[in-house]
Amino acid sequence: MIQIPDEKLSKLFPFPPRGNQLEIVRKIISGYLNGKRHVVLSLPTGGGKSVIAYAVSKFFKEAYIITNQKILQEQYKRDLNVPYILGRSNYICAQNNQLTCELGACKRIAANYCDSCPYLKDRQETRDNWITNMNYAYFLNITKARNLPHRPLLVMDESHVLENEMIKAGTIKFTDSTFKALGITDIKIPKVKDSDYDKRNWLFEEVLPKLREQYLYYKNQIKQFEKFNFTKETKRIIGRYMATDRMVTIISEIKKELADHQKVIIQSNKEQIEFKLLYGYNLFEKYFARQADYFLHMSATILNKDQYCKKLNLSDDEVEYLEYDSEFPIENRLVHFTPVGSLSWKNKANTIPTLIKRVKELLNEFPDSKGIIHTVNYELAEVIIDQLYGTNEGSRLLMPRGTNKQSILNTFYKSSNPYVLISPSLAEGLDLKDDLSRFCIICKMPYANITDKWVKTRLTLDPNWYANYTAETLVQMCGRSIRSKDDFATTYILDEDFLSFAERFYYLLPDWWKDSVVCD
């Protein structure tokens with residue numbers, strides 16, 4: 001086995017390595033030098049994944065780092081001076097501040113960028129730099145266009161979301177109001193009883209041509225706009241242009257996947273119809289694997305090597321798997337299992353009153369602290385909010401949702417009041433460090449909804465996927481509140497069904513997490 005001297009490894013770090021970072025980087029690079037193309041690193045929060053990614057990237061001299069969160073992109077820039085780029089819609093047009101660079105004034109008129117375009121500036125900076133950071137959605141879009149130079153290393157941070165990001169690129173949903181919003185009046189969603197064959201034909205032979213027609217129509221209208229004239233009408237046209245462009249791209253991706261014999265799940269009711277790729281591994285082969293020679297997969301919740309490799313269709317002989325325990329003190333991250341009853345469908349009606357009583361008690365135990373309540377579904381969140389309405393405890397609850405999500409989160413972050421977030425959709429992507437969260441309440445086990453056709457199909461084909469998803473989400477929920485060695489928060493699991501899950505799938509839960517569980 002090829003080994004690298006410590007002195008040479010230390011020079012790869014931006015500052016002196018701490019803890020076991022030197023050992024981890026040695027094992028990662030040794031894996032590549034000994035014939036592995038993929039290294040999968042399971043490292044809990046606080047292990048310094050960004051520093052490790054930087055050091056391995058420096059060894060290869062050129063690298064891309066991709067992640068799913070803007071906050072992580074900003075962290076790479078702030079801590080390691082890694083430039084990052086966002087999608088064009090995140091930049092304000094230099095010539096018209098009412099437009100984004102997705103369709104800025106210069107691009108509408110000349111199909112080109114101006115010299116002062118902020119998007120173009122960031123794009124050039126990231127291309128010129130030896131190391132570049134971008135998010136999964138942007139990376140997928142740019143590699144589809146074959147508009148990204150090949151580099152020796154591709155680092156995928158938070159890689160537990162990788163398959164979901166690829167599946168998202170092959171998912172589209174329609175309602176009658178969708179078409180109305182695009183100015184399309186002659187298309188209606190299919191009847192529920194129609195066959196999947198008929199629904200696919202509807203998508204490719206009726207919807208796709210019409211969307212392409214509308215896209216070209218709006219594109220021609222935009223070309224006629226005056227460069228700096230911006231009205232409600234121009235805004236409406238620009239919105240339709242961008243929406244039809246995105247939809248054509250997604251449907252074309254679904255069509256290509258079907259041609260490659262990939263399965264697409266179609267589910268519909270009277271109001272809507274959804275088309276969704278069953279697996280994402282084919283997109284990994286097409287858009288990720290060709291972009292680099294070596295790959296570093298990193299996450300705090302890669303709980304099972306075989307399941308992870310299966311999701312990406314990676315063979316065992318090309319993967320080096322490295323797993324490490326949490327370095328956070330156990331007393332700072334205790335997880336109390338205090339069951340109030342089962343929250344399964346048949347038992348929830350009897351359990352919810354006891355659950356609400358317990359939530360109220362816990363809120364009173366932390367009267368001056370911020371925290372988070374995970375509910376798994378909006379129904380349960382709304383019941384808790386409704387039952388606590390008008391009480392001191394209820395006045396602390398904030399539920400980020402829809403178009404108000406970011407503004408509510410901003411209120412939570414900035415306020416000195418002891419607000420508590422309550423949501424079914426904040427299991428990951430949230431950094432509630434230090435006083436932003438001193439307690440976490442998990443009301444319900446995060447089982448995926450088996451009435452969803454996509455979930456049911458995956459479960460039927462691979463029961464282990466379902467269990468792994470549950471364990472992964474559970475650990476992610478606990479990880480929102482403890483972000484460093486000096487941080488601390490207390491977590492409470494209230495759903496009795498955790499016990500049966502833990503007994504059956506004990507092997508899926510990481511040892512460092514199980515060590516923190518206390519049964520009250």
Phe179-Phe174 aromatic ring centre distance below 6.0 Å: yes
4.5 Å side-chain heavy-atom contact, Met134 and Leu140: no
Distance in Å, Gln73 CD paired with Ile85 CD1, rounded so as to fall on 0.5 Å steps: 9.5 Å
Residue pair Tyr91, Thr100: steps toward the side-chain contact (heavy atoms from CB on, under 4.5 Å) verdict: CA-CA 5 Å; Tyr91 298 87; Thr100 68; over 6 Å; no
Which atom of Phe204 lies closest to which atom of Ile254, heavy atoms considered: CZ-CG2, 4.0 Å
Intermediate values then yes/no, salt bridge (Lys or Arg N to Asp or Glu O under 4.0 Å), Arg151 and Asp293: CA-CA 7 Å; Arg151 288 188 176 179; Asp293 301 310; over 6 Å; no
Tyr64 and Asn133: CA distance, side-chain angles, deciding distance, side-chain hydrogen bond (donor to acceptor under 3.5 Å, both in side chains) verdict: CA-CA 6 Å; Tyr64 295 114; Asn133 183 274; over 6 Å; no
Interatomic spacing from CD in Gln476 to CD in Glu428 - rounded to 0.5 Å: 5.0 Å
Under-4.0 Å salt bridge between Arg483 and Asp431: yes
Separation of Ser500 OG from Phe505 CZ (nearest 0.5 Å): 9.5 Å
Whether over 12 other heavy atoms sit under 6.0 Å from Lys514 NZ: yes
Whether over 12 other heavy atoms sit under 6.0 Å from Tyr197 OH: no
Aromatic plane relationship, Trp465 with Trp454 - under 30° parallel, 30 to 60° tilted, over 60° perpendicular: perpendicular
Side-chain donor-acceptor contact under 3.5 Å, Thr185 with Lys180: no
Derivation and outcome, ring-ring contact (aromatic ring centres under 6.0 Å, His included), residues Phe337 and Phe498: CA-CA 8 Å; Phe337 175 47; Phe498 167 71; 5.1 Å; yes
Electrostatic pair Asp317:Lys36 at N-O distance under 4.0 angstrom: no
Asp452 and Gln267: side chain donor to acceptor below 3.5 Å: yes
Point-to-point distance, once rounded to the nearest 0.5 Å, from CZ of Arg212 to CG of Asp245: 11.5 Å
Residues Glu163 and Arg458 bridged, charged N to O under 4.0 Å: yes
Donor on one side chain, acceptor on other, Asn468 and Gln307, under 3.5 Å: no
Trace of the side-chain contact (heavy atoms from CB on, under 4.5 Å) decision for Lys210 with Asp186: CA-CA 9 Å; Lys210 189 65 177 180; Asp186 54 349; 3.5 Å; yes
Smallest separation among heavy atoms of Asn377 and Pro424, with atom names: N-CB, 3.3 Å
Least distance between heavy atoms, Asn449 atom then Val455 atom: O-CB, 3.3 Å
Derivation of the side-chain contact (heavy atoms from CB on, under 4.5 Å) call for Ile265 and Phe275: CA-CA 6 Å; Ile265 299 300; Phe275 299 81; over 6 Å; no
Parallel, tilted or perpendicular: rings of Tyr32 and Phe60 (30°, 60°): perpendicular
Shortest non-hydrogen contact between Thr351 and Val340, atoms and distance: CG2-O, 3.8 Å
CD1 (Ile450) with more than 12 external heavy atoms under 6.0 Å: no
Carboxylate-amine/guanidinium proximity below 4.0 Å for Glu253 and Lys144: yes
cation_pi(Lys263, Tyr279) dist<6.0 Å, angle<=45: no
Charged N-O contact under 4.0 Å between Asp196 and Lys453: yes
Under 3.5 Å donor-acceptor, Ser42 side chain and Ile302 backbone: yes
side-chain hydrogen bond (donor to acceptor under 3.5 Å, both in side chains) between Thr175 and Thr178, intermediate numbers included: CA-CA 5 Å; Thr175 65; Thr178 304; 3.0 Å; yes
For Thr473 against Ala427, the heavy-atom pair lying closest together: CG2-CB, 4.0 Å
Asn282 side chain to Glu257 side chain, donor-acceptor N/O pair below 3.5 angstrom: yes
Neighbour count >12 (heavy atoms, 6.0 Å) for atom OH, Tyr389: no
Distance in Å, Lys444 NZ paired with Ser344 OG, rounded so as to fall on 0.5 Å steps: 8.0 Å
Greater than 12 external heavy atoms within 6.0 Å of Lys256's NZ: yes
N-O pairing of Asp316 and Lys305 below 4.0 Å: yes
Lys191 and Asp194: CA distance, side-chain angles, deciding distance, salt bridge (Lys or Arg N to Asp or Glu O under 4.0 Å) verdict: CA-CA 5 Å; Lys191 296 177 181 178; Asp194 290 349; over 6 Å; no
Heavy-atom donor-acceptor pair, Lys199 side chain to Val192 backbone, under 3.5 Å: yes
Polar side-chain atom of Arg88 near backbone of Cys101 as donor-acceptor pair, under 3.5 Å: no
Point-to-point distance, once rounded to the nearest 0.5 Å, from OG1 of Thr132 to CD1 of Ile66: 12.0 Å
Lys370 charged N/C atom sitting above Phe412 aromatic ring, 6.0 Å / 45°: yes
Under 3.5 Å side-chain donor-acceptor pair for Tyr84 and Gln75: no
Basic-acidic side-chain contact under 4.0 Å: Glu382, Arg401: yes
Enclosure of Arg504 CZ (heavy-atom neighbours >12, cutoff 6.0 Å): no
Passing candidate, ring pair (Phe, Tyr, Trp, His ring centres under 6.0 Å) with Tyr308, options His38, His297, His160: His297
Lys NZ or Arg CZ of Arg37 over Tyr294 ring: under 6.0 Å, within 45°: no
Nearest non-hydrogen partners of Tyr218 and Leu182, listed with the distance: OH-O, 2.5 Å
Evaluation steps, salt bridge (Lys or Arg N to Asp or Glu O under 4.0 Å), between Glu379 and Lys348: CA-CA 11 Å; Glu379 178 191 14; Lys348 65 180 182 179; 3.1 Å; yes
Between Ser437 and Ser481, a side-chain donor and acceptor under 3.5 Å: yes
Cationic tip of Lys219 above Tyr241 ring, under 6.0 Å, 45° of axis: no
Pair Phe139 and Phe288, ring centroids less than 6.0 Å apart: yes
Modelled atom types, side-chain donor and acceptor of Ser407 and Asn410, under 3.5 Å: no
